[in-house]
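One is the number of the first residue; the rest follow in order along the sequence. Counting starts at 1 for both ligands and their atoms, in listed order.
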Amino acid sequence: MTCLTRRQFNYLAGATCIVAFRPQVARGQGKARVVVIGGGVGGATAAKYLAKGSERLDVTLVEPNARYTTCFFSNLYLAGLRSLESLTHGYETVAQRYGVNVVHDSVTAIDPVGKTVALEGGAKLPYDRVVLAPGIAFKFGNIEGYDETATQIMPHAWTAGPQTRLLRQQLESMEDGGLFVLVAPPDPFRCPPGPYERASLIAYYFKQYKPRAKILILDAKDSFFAQDVFEDGWNRHYPGMIEWLPGQFTGGIKAVDVKDRLIKTAGDTFKADVANIIPAQEAGRIAHQTHLVDQSGWCPIDPMTFESKLQPGIHVIGDAAKAGNMAKSAFASNSQAKVCAFAILAALTGSKRFAPHLFNACFTLLASDDAVASATSYRAEPETIKVSDFFLSKVGDNAETRREAVREADGWYAAFTHDIFG
Ligand SMILES: Cc1cc2nc3c(=O)[nH]c(=O)nc-3n(C[C@H](O)[C@H](O)[C@H](O)COP(=O)(O)OP(=O)(O)OC[C@H]3O[C@@H](n4cnc5c(N)ncnc54)[C@H](O)[C@@H]3O)c2cc1C
């Protein structure tokens with residue numbers, strides 16, 4: 001593994017928009033049908049690039065919601081730095097400019113033998129290939145007392161929208177001097193820096209409006225991504241406000257009592273004024289129902305094409321995929337979607353095959369003027385995906401470098417969401 005320089009990082013972070021092409025297509029055939037399930041980052045990107053790649057494909061995107069709110073930057077909403085509306089996107093352009101058939105419905109079953117996708121509304125969609133990008137599901141059974149109903153009192157806010165709004169309302173209503181408890185999940189989970197960015201940005205909000213408030217992170221793990229960079233940021237911006245307790249200290253998070261807002265670990269019980277419980281995760285429900293997951297709870301795939309190793313003709317991308325060392329992130333999902341789209345185009349239209357290029361890049365805010373940048377490029381091998389190059393901001397970066405990363409983050413959000421939905 002080698003390390004990327006800052007200049008190489010900037011190139012990689014801008015690499016979301018590099019691919020725009022129309023391959024040669026086989027002549028004299030009818031349209032091949034691709035059904036994309038899930039209109040989040042992975043699914044919307046795949047649908048757009050498939051439709052853009054060939055007029056000989058009939059691409060249908062199935063997504064229950066009319067609009068999609070990004071998890072990325074939702075911590076900025078919690079801090080009061082962004083509106084939720086500014087993080088919400090529609091499918092009009094994907095439908096009108098690229099000709100994707102957008103169907104607002106939920107998939108209830110995939111029949112890999114009959115090659116059909118069943119919708120809650122009753123329709124059956126025939127397919128030649130499926131791209132499945134359902135994101136994550138929560139393992140509610142792992143913390144006693146924490147189930148779907150409990151999320152209305154102790155939100156996870158790990159899918160963006162009503163849950164994020166609820167958490168923000170609770171933070172606004174909390175008394176100055178109150179305790180905010182964040183339960184951080186075990187690996188692997190969506191967005192490794194996410195819980196710690198959340199703690200940072202809620203501290204940013206408290207520092208302005210509730211300076212006597214405290215934040216306690218109860219972690220299932222004993223260490224976390226870029227820990228030294230986060231802890232340095234917390235000491236500089238919010239001394240004494242954030243406390244992190246690792247799994248080895250608490251013995252693990254065992255139960256919650258929603259009525260009294262209690263969080264029980266193996267050793268102690270903590271009473272929160274506001275509790276944010278981020279549970280353990282696995283691939284989205286439909287992946288389990290279609291027998292696409294292995295014992296890990298995630299979907300094993302061929303790293304060259306993202307085709308399922310368990311069901312031929314079905315490709316799995318995004319957080320649901322078991323993609324070696326790739327982080328579960330929006331950038332990674334978008335990168336996987338393009339690799340998958342080009343592999344399907346090659347299979348169905350005879351277009352040129354490309355070697356997979358897989359990347360991740362991320363900006364994580366510690367405060368409104370302090371962002372940490374990270375970037376990774378990956379090597380797809382026959383059985384797995386490995387890190388080949390890695391860049392991460394360092395403790396001791398000068399303040400202007402960190403301010404510049406905040407400006408880059410804003411530019412990245414606009415370009416990245418345009419690449420998916422624009
Ligand atoms: C707080 C937070 C901050 C984050 N920050 C960043 C960041 O800065 N950078 C970054 O790269 N990543 C970030 N992420 C991670 C990123 O949001 C996810 O990795 C990304 O959204 C995964 O994309 P996906 O397509 O796999 O799933 P999703 O984006 O969750 O999309 C899944 C879609 O599938 C649909 N669906 C599910 N089941 C069905 C069904 N049966 N039928 C039809 N549709 C279905 C859902 O409605 C949903 O729209 C963050 C995450 C969080 C929680």
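Heavy atoms of Asn75 found under 4.0 angstrom from ligand 1 belong exclusively to the side chain. Proximity of Thr159 to ligand 1, defined as any heavy-atom pair under 4.0 Å, is not found for any part of the residue.
The single protein non-hydrogen atom nearest to atom 44 (N) of ligand 1 is Pro64 CD, 3.2 Å, given as residue, atom name and distance. Counting protein heavy atoms only, atom 32 (C) of ligand 1 is closest to Ala133 O, 3.4 Å. The protein heavy-atom contact nearest to atom 4 (C) of ligand 1 is Cys191 SG, 3.4 Å. Counting protein heavy atoms only, atom 31 (O) of ligand 1 is closest to Gly40 CA, 3.2 Å. In this structure, the protein non-hydrogen atom closest to atom 8 (O) of ligand 1 is Phe72 CB, 3.6 Å. Closest to atom 19 (O) of ligand 1 among all protein heavy atoms lies Asp319 OD1, 2.8 Å. Considering only non-hydrogen protein atoms, atom 29 (O) of ligand 1 sits nearest to Tyr68 OH, 2.5 Å. Counting only heavy atoms of the protein, atom 23 (O) of ligand 1 lies nearest to Ser333 OG, 3.5 Å.
Of the candidates Gly194, Ser335, Cys71, the one placing a heavy atom closest to atom 3 (C) of ligand 1 is Cys71. With Pro134, Ala337, Pro195, Pro193 as candidates, the residue nearest to atom 38 (N) of ligand 1 on a non-hydrogen basis is Pro134. Nearest residue to atom 28 (P) of ligand 1 from His104, Arg190, Lys328 is Arg190 (criterion: closest heavy atom). Around atom 46 (C) of ligand 1, the closest heavy atom drawn from Glu120, Gln336, Glu63 belongs to Glu63. Checking Ala320, Ala330, Ala321 against atom 12 (N) of ligand 1, the nearest heavy atom belongs to Ala330.
Classified by interplanar angle (parallel below 30°, tilted 30° to 60°, perpendicular above 60°), the ring pair Trp412/Phe416 is parallel. The aromatic rings of Phe140 and His156 sit tilted relative to each other, their planes meeting at an angle between 30° and 60°. Note on ring orientation: taking the six-membered ring where Trp is involved, the planes of Phe421 and His89 are parallel (angle under 30°, cut-offs 30° and 60°).
No side-chain N or O of Thr376 forms a donor-acceptor pair with one of Asn360 less than 3.5 Å apart.
Between Val107 and ligand 1, an N or O atom pair is found at a separation short of 3.5 Å.
Taking a cut-off of under 4.0 Å to the non-hydrogen atoms of Asn65, the atoms of ligand 1 that pass are 47 (O). Contact atoms of ligand 1 toward Gly42: 25 (O) (distance under 4.0 Å to a heavy atom of the residue). Per-residue contacts place Gly318 under 4.0 angstrom from the following atoms of ligand 1 (heavy atoms of the residue considered): 26 (O).
Checked options Phe391, Phe363, Phe225; the residue passing with Ser374 is Phe225 (criterion: side chain to side chain contact (heavy atoms under 4.5 Å, CB included)).
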Let me see the working for Trp244 and Phe224 under ring-ring contact (aromatic ring centres under 6.0 Å, His included), right down to the final yes or no. CA-CA 11 Å; Trp244 172 74; Phe224 59 88; 5.2 Å; yes
Do Phe359 and Tyr378 pass the ring-ring contact (aromatic ring centres under 6.0 Å, His included) test, and can you show the C-alpha distance, the side-chain angles, and the key distance before you say yes or no? CA-CA 6 Å; Phe359 305 106; Tyr378 300 91; 8.2 Å; no
side-chain hydrogen bond (donor to acceptor under 3.5 Å, both in side chains) for Asn334 and Gln336? Distances and angles first, verdict last. CA-CA 5 Å; Asn334 171 272; Gln336 294 169 4; over 6 Å; no
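Under a 4.0 Å N-O distance rule, the pair Lys31/Asp58 does not qualify as a salt bridge. Ion pair Glu381/Lys386 flagged as a salt bridge, since at least one NZ, NE, NH1 or NH2 atom sits closer than 4.0 Å to an Asp/Glu carboxylate oxygen.
Taking the six-membered ring for Trp and the full ring otherwise, the centers of His104 and Tyr91 sit less than 6.0 Å from each other.
Within a 4.0 Å radius of atom 51 (C) of ligand 1, the protein has at least one heavy atom.
Under a 4.0 Å heavy-atom criterion, Ser74 is in contact with ligand 1.
Listed here is the closest heavy atom pair of Ile253 and Ile263: CG2-CG2, 4.0 Å.
Environment of CD in Glu400: crowded, with over 12 heavy atoms of neighbouring residues, nucleotides or ligands closer than 6.0 Å.
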